[in-house]
Amino acid sequence: MFDYADPEGDLTRIAQADASGLVLAGQSAMRLERQAGARKILAATALARQTYAQVMELCDGLNVAELPQKAALREVALRFEVPVTTAGRWISLGGMLDGLPRVRSAFVEGVLSEHKARIVAEALVSLDDEADLAEAVEVALGLAATAITGSGLREELEKLLISLDPAGAAERRREFEKQQDVRIRKECHGQSTIDAMVPVRDAVVLEDRIAGLVSGLCPGDPRLPGQRRVAALTALVRGEGRLVCGCGDPGCPTTVRPDADTDIDADADADAGSAVVSTELVVVPVRAVVEVVVDAPTLAGVVGEMVPFIPGYGVIDPDLARMIAADGTWQGLYREARLDRASGVVVAQGVRKGRPRRAGTVAPGHLVAAGRLVVRSRPPNVVEIEHLSPVDPAGHGGLVVPAPGALVYQPGEPLRREVVLTDRRCRAPYCDRVAEGCQLDHVVPFDHVDPRSGGWTIAENLIPLCVPCHQFKHVGIWVPTLYPGRIVVWRNVVTGEVLVTVP
C-alpha cells in the first residue's frame, strides 16, 4: 500500500483505504520498522566495536581510563545523532544478542520489537547452562508470539528463571537490593517527584495504608484521586493517623472535634450543639496484609511445584517467600471437588481458604533443596494450539450435570479465587491488569432466561477481564474461546485474525 518514495501519495492512500487495508498496511509497516530498527542497533554495535579496536590500537593496547569504551560510545552517538545514553542501550543490546543467536534472528526478522528483544536478552543473558538456555529461549520466543505485554513477558521469564535456579534467583535479588534508594527531584509549579525502590513487603504495606486513609474520605471531597493519595502519603510521613476531608460540609459523616487528643468515645455523648464543626477525619489504623501464594513443599524448603507469587505484584523467589512466611499467618488453600455422577469425573469447584494458623517452622537454609523447581506448567507452543479443541463450545466444561452454583450468574468467592489465582492477569490481548481487580466474564454467555442452556458459571467458562477489556469484548469484534491449559484464543469475527493469551 505504501510507496515510501511518495509521502503525499501515501497520505492519500491512507485516507481512502478501508479498515482491512489499513490493518494490512499498518502491520507491514510495523514489521519493516522492527526490521530496520534491528539492523540499526546491530550496525551501531559493530561500529562501536570497530571504534574500540581503533582507539585501543592508538593507546598501544592499554585501556587507559576506559577511553576506548568512551570513544566507541560517543562515536555511535555522534554518527547516529542520538544521546549517549541511547547509544549505550543499543550497544548493550547488540552485545547481549551475540550469545542469543535465535533471539537475534527473531529480532532481525521483525518478529520481536526492540522492547521485547531487550526484555528477553536481559533475562536470558545470565544463563550459563546450555540446556537451561535452550529451554528458556524456546519458552521466551513462544511467549513473545502470544498477545502479551512487555511487563507480562518480563514476569513470565522471571518466573522461568526462578524455577530453573531458585538459589541463583535469591542471590540476584540480594544483589539487586543494593539499588534500593529514594530520590526527590524538582518539578514545575512548586511540585516535586519522589522515586523510591523499596522491598515489596514495605510497598504493599504502604499501598494498603494509603488506600485505607483515602477510603475514609466522603464522596464530596473535591480532590482528584491522585491528590487524595498524595495527601494520604504526606499524612503517613508526618506520623499522622488522620486525613483531612476537603468537602467543607458541616454534616460530613467523617467530621470529628478538632482536638485530636480528645476522647472520641466520651465526646460522642456530648451535646451536639456545643461541638465545633471540623472536616478532620480520624482513621482507625489500617491493617496491611502481604499475601504470598506458595505450595507447601516449596514453603517447607524442599522441591516444590510452583513459583511463589504475591497477588498484584508478581513472582518472587522461594527464599523470599519463606522469609515473609516466617513471621506471618498461614492459611491453607483447598481445591474443592465434586464427583460428576454421569461421567464419573472429579471436577474442581473453586478454592476455599482454611482457618488461619500461626507460622510454623520454616526449614533453615541448609535444608533447602538444591536445583530447579519441578514446575508442571509451561507456556504452550502457539503453533500447537491449532491442533487443540476448545474446552467445551457449549460453555459447560464437558460436564453433563451442572456443578453447584453453575446456574447462578455471579460466581461465588471460592470459584472467583480459583480463576484469579490461576490466571493472575486480565486475559484480553496485550493487557496486564492484575486479575484481583478484574471482572469474571462468561466466555460462552450466560443465559439469564434459561441458565441450563447457556454458558455455565464454572472455572472452565470464566476468565478475568478488566472493565475496559470486558466492555470491548461485548462489542463483539473479537470473540474469545477457551482451550485446555486455560489458553484463550481471540478471533476477529470479520477477518478471522487470531490473538492468543496464556495464563
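Checked by atom type and distance alone, the side chain of W490 pairs as donor or acceptor with a backbone atom of R427 at under 3.5 Å. Distance alone, capped at 3.5 Å, is enough to place a donor-acceptor pair between the D129 side chain and the A131 backbone. Looking at T422, its side chain never comes within 3.5 Å of a backbone N or O of V419 through a donor-acceptor pair. Counting only distance, with no hydrogens or angles, the side chain of S28 and the backbone of L24 share no donor-acceptor pair below 3.5 Å. A donor-acceptor pair is defined here as one N or O able to donate and one able to accept, closer than 3.5 Å; such a pair exists between the side chain of R39 and the backbone of Q35. When atom types are taken as modelled, the side chain of S92 and the backbone of G88 share no donor-acceptor pair closer than 3.5 angstrom. A donor-acceptor pair is defined here as one N or O able to donate and one able to accept, closer than 3.5 Å; such a pair exists between the side chain of K116 and the backbone of I148. No donor-acceptor pair closer than 3.5 Å links the side chain of D441 to the backbone N or O of H470. Using a distance-only test at 3.5 Å, with no hydrogens or angles considered, no donor-acceptor pair links the side chain of H442 to the main chain of G454. Side-chain atoms of T51 come within 3.5 Å of backbone N or O of L47 as a donor-acceptor pair.
Counting heavy atoms from C-beta on, the side chains of L161 and L127 come closer than 4.5 Å. Residues V488 and T481 fail the side-chain proximity criterion, which asks for heavy atoms closer than 4.5 Å. Counting heavy atoms from C-beta on, the side chains of E135 and L164 come closer than 4.5 Å. Taking the side chain as every heavy atom from C-beta outward, E155 and K159 never approach each other to under 4.5 Å. Within the 4.5 Å cutoff, the side chain of D195 has no heavy atoms near those of the V182 side chain.
R433 CZ: 12 or fewer foreign heavy atoms inside a 6.0 Å radius. Counting heavy atoms of neighbouring residues, nucleotides and ligands inside a 6.0 Å radius, atom CZ of F472 exceeds 12 of them. Other residues, nucleotides and ligands contribute only 12 or fewer heavy atoms inside 6.0 Å of the CZ atom of R89. Shown here is R74, whose CZ atom has no more than 12 heavy atoms of other residues, nucleotides or ligands within 6.0 Å.
Taking all atoms of both residues into account, the shortest heavy-atom contact from L112 to F107 is O-CD1, 3.4 Å. When every heavy atom of V307 is checked against every heavy atom of I316, the shortest pair comes out as CG1-O, 3.7 Å. The two atoms that bring D392 and G398 nearest to each other are OD2-N, 2.9 Å, heavy atoms only. In terms of heavy atoms, V500 sits closest to T146 at O-CB, 3.3 Å. Pairing each heavy atom of L124 with each of A136, the nearest pair is CD2-CB, 3.6 Å. In terms of heavy-atom proximity, A321 sits nearest to V292 at CB-CG1, 4.1 Å.
Atoms OH and CD, from Y52 and Q69 in turn, are 4.5 Å apart once rounded to the nearest 0.5 Å. Note that OG1 of T457 is 8.0 Å distant from OH of Y409, once rounded to the nearest 0.5 Å. Remark: L407 CG to D447 CG distance equals 10.5 Å, nearest 0.5 Å. To the nearest 0.5 Å, the span separating CZ on R118 from CG on L93 amounts to 4.5 Å. Within the model, atoms CD1 of I119 and CD of E114 stand 11.0 Å from one another, a figure rounded to the nearest 0.5 Å. Interatomic distance, C469 SG to Y430 OH, rounded to the nearest 0.5 Å: 13.0 Å.
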Checking R34 against S113 for the side-chain hydrogen bond (donor to acceptor under 3.5 Å, both in side chains) test, could you report, in this order, the C-alpha distance in whole Å, the side-chain angles of both residues, the deciding distance, and whether it holds? CA-CA 6 Å; R34 291 176 177 175; S113 65; 5.0 Å; no
Please report the C-alpha distance between Q471 and Q439 in whole Å, then the side-chain angles of each, then the deciding distance to 0.1 Å, and finally whether the side-chain hydrogen bond (donor to acceptor under 3.5 Å, both in side chains) criterion is met. CA-CA 10 Å; Q471 293 172 340; Q439 300 172 340; over 6 Å; no
Pair T193, E187 - check side-chain hydrogen bond (donor to acceptor under 3.5 Å, both in side chains), show working. CA-CA 7 Å; T193 293; E187 296 289 354; 2.7 Å; yes
Step by step, would you call R172 with E158 a salt bridge (charged side-chain N to carboxylate O under 4.0 Å, His left out)? CA-CA 11 Å; R172 290 192 297 273; E158 185 179 356; over 6 Å; no
Run D423 and R425 through salt bridge (charged side-chain N to carboxylate O under 4.0 Å, His left out) and show every step you take. CA-CA 6 Å; D423 288 7; R425 290 189 292 264; over 6 Å; no
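The only option from I463, V391, V502 that meets the side-chain contact (heavy atoms from CB on, under 4.5 Å) definition with R486 turns out to be I463.
For the salt bridge (Lys or Arg N to Asp or Glu O under 4.0 Å) test, residues two or more places apart in sequence or in another chain that qualify with D221 are R223, R228.
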